Amino acid sequence: MKKRGLLLQTDAHLPNVCALVTGAPMCGSWWAHPRSHDIFRVNCDLAEHPDVRVIKLVSAKVTYVHRALWPQILAIGRAGAAWHLERISAAALELLEEVGRAPVVTDRRLAKAALEMEEVLLVSSEQVHTAARSRARQIESWDHWMRRKNLAPSKMNVDDAIDALEQRMDSLNRRFQARGRLPWHS
């Protein structure tokens with residue numbers, strides 16, 4: 001994980017948890033696989049690791065990102081570039097304003113807008129358990145996440161951050177004969 005910086009939860013070609021656990025690429029849902037409990041455990045362990053951030057980075061799929069790439073993610077996520085905002089709905093823009101003030105735990109009403117923002121890296125998101133014992137997503141601004149994690153703002157230029165991630169993605173795509181894409185290419 002540290003060497004490549006990126007690991008997907010599942011993918012037909014790129015390095016991913018399902019293939020690492022089962023020893024083979026997987027078609028369809030990993031929940032139906034005989035080793036689904038092992039896959040789930042590894043996914044949970046990665047999500048809770050202090051050097052890993054879970055985001056929808058590669059091809060809008062769950063991607064585990066190593067700490068070494070956080071400066072790039074923060075530079076891009078905090079940039080508020082045109083491609084961020086032109087790809088989300090009015091409901092997502094409204095929710096983005098709310099998230100700018102304080103973290104928001106999503107419900108069914110907010111789920112689609114939250115996903116739109118996650119997929120263009122506008123917010124940090126993580127799974128939480130509600131008082132009703134159900135699972136939900138908590139979304140927060142990257143600034144709030146940085147303060148909560150005691151991180152300094154990235155000094156990286158957004159163009160350099162994009163170039164670095166594109167080089168990483170191009171390298172992985174070539175090596176694994178894949179077609180992973182980054183959010184600004186969607």
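Just so you know, these numbers come straight off a predicted model, no measurement behind them. Positions are given from 1, in the same order as the sequence printed here.
A donor-acceptor pair is defined here as one N or O able to donate and one able to accept, closer than 3.5 Å; no such pair exists between the side chain of T10 and the backbone of C18. Between the side chain of H84 and the backbone N or O of I76, at least one donor-acceptor pair lies under 3.5 Å. With hydrogens and angles disregarded, a donor-acceptor distance shorter than 3.5 Å links the side chain of W70 to the backbone of V65. In terms of modelled atom types and a separation under 3.5 Å, the side chain of R148 and the main chain of D143 share no donor-acceptor contact. Using modelled atom types, no side-chain atom of D51 and backbone atom of R67 make a donor-acceptor pair closer than 3.5 Å. Using a distance-only test at 3.5 Å, with no hydrogens or angles considered, a donor-acceptor pair links the side chain of D107 to the main chain of L110. A donor-acceptor pair under 3.5 Å is formed between the side chain of S59 and the backbone N or O of R181.
Considering CZ of R101 and CG of L96, their distance stands at 10.0 Å, rounded to 0.5 Å. Between the CD atom of Q127 and the CZ atom of R135 there is a distance of 4.0 Å, given to the nearest 0.5 Å. In this structure, CE in M117 is found 11.0 Å from CG in L85, a value given to the nearest 0.5 Å. From Q9, atom CD reaches atom CD1 of I39 across 9.0 Å, with rounding to the nearest 0.5 Å. Atoms CG and OG1, from L8 and T63 in turn, are 4.0 Å apart once rounded to the nearest 0.5 Å. F40 CZ to W31 CH2: the interatomic distance, rounded to the nearest 0.5 Å, is 5.0 Å.
Within the 4.5 Å cutoff, no side-chain heavy atoms of L46 are placed close to those of V54. The side-chain heavy atoms of P25 and H13, taken from C-beta on, include no pair separated by under 4.5 Å. Between P50 and K149, the closest side-chain pair of non-hydrogen atoms is not below 4.5 Å. With contacts defined as side-chain heavy-atom distances shorter than 4.5 Å, the pair R168/L69 qualifies. Within the 4.5 Å cutoff, side-chain heavy atoms of Y64 are placed close to those of N43. The shortest distance between side-chain heavy atoms of L74 and W145 falls below 4.5 Å. A 4.5 Å side-chain heavy-atom check between V104 and E140 finds every atom pair outside the cut-off. Side-chain contact check for H66 versus K3: every heavy-atom pair is 4.5 Å or farther apart.
No single ILVMFWY cluster, assembled from side-chain heavy atoms under 4.5 Å apart, contains both W142 and V128. In the hydrophobic cluster analysis, where Ile, Leu, Val, Met, Phe, Trp and Tyr join through side-chain heavy atoms closer than 4.5 angstrom, I73 is grouped apart from M156. If you chain together hydrophobic residues whose side chains sit under 4.5 Å apart, I55 and V105 never meet in one group. In the hydrophobic cluster analysis, where Ile, Leu, Val, Met, Phe, Trp and Tyr join through side-chain heavy atoms closer than 4.5 angstrom, V62 is grouped apart from L115.
The two residues S154 and R78 come nearest to each other via the heavy atoms N-NH1, 4.3 Å. Closest of all the heavy-atom pairs between A92 and I88 is CB-CB, 3.7 Å. The minimum heavy-atom distance between P153 and M146, with the atom names listed, is CA-CE, 3.7 Å. Counting all heavy atoms, side chain and backbone alike, K56 lies closest to L121 at O-CD2, 4.3 Å. In terms of heavy-atom proximity, N16 sits nearest to D11 at ND2-O, 3.0 Å. Scanning all heavy atoms of the two residues, the minimum distance from A114 to L95 falls at N-CD2, 3.9 Å.
A donor atom on one side chain and an acceptor atom on the other are found under 3.5 Å apart for R137 and S125. Neither side chain, R4 nor S171, offers a donor N or O lying under 3.5 Å from an acceptor on the other. Counting only N and O atoms by type, the side chains of W184 and E166 include a donor and acceptor under 3.5 Å apart. With 3.5 Å as the limit, one finds a donor-acceptor pair spanning the side chains of S89 and E116.
Applying side chain to side chain contact (heavy atoms under 4.5 Å, CB included) to L14 and the options M169, R179, Q177 leaves one that passes, M169.
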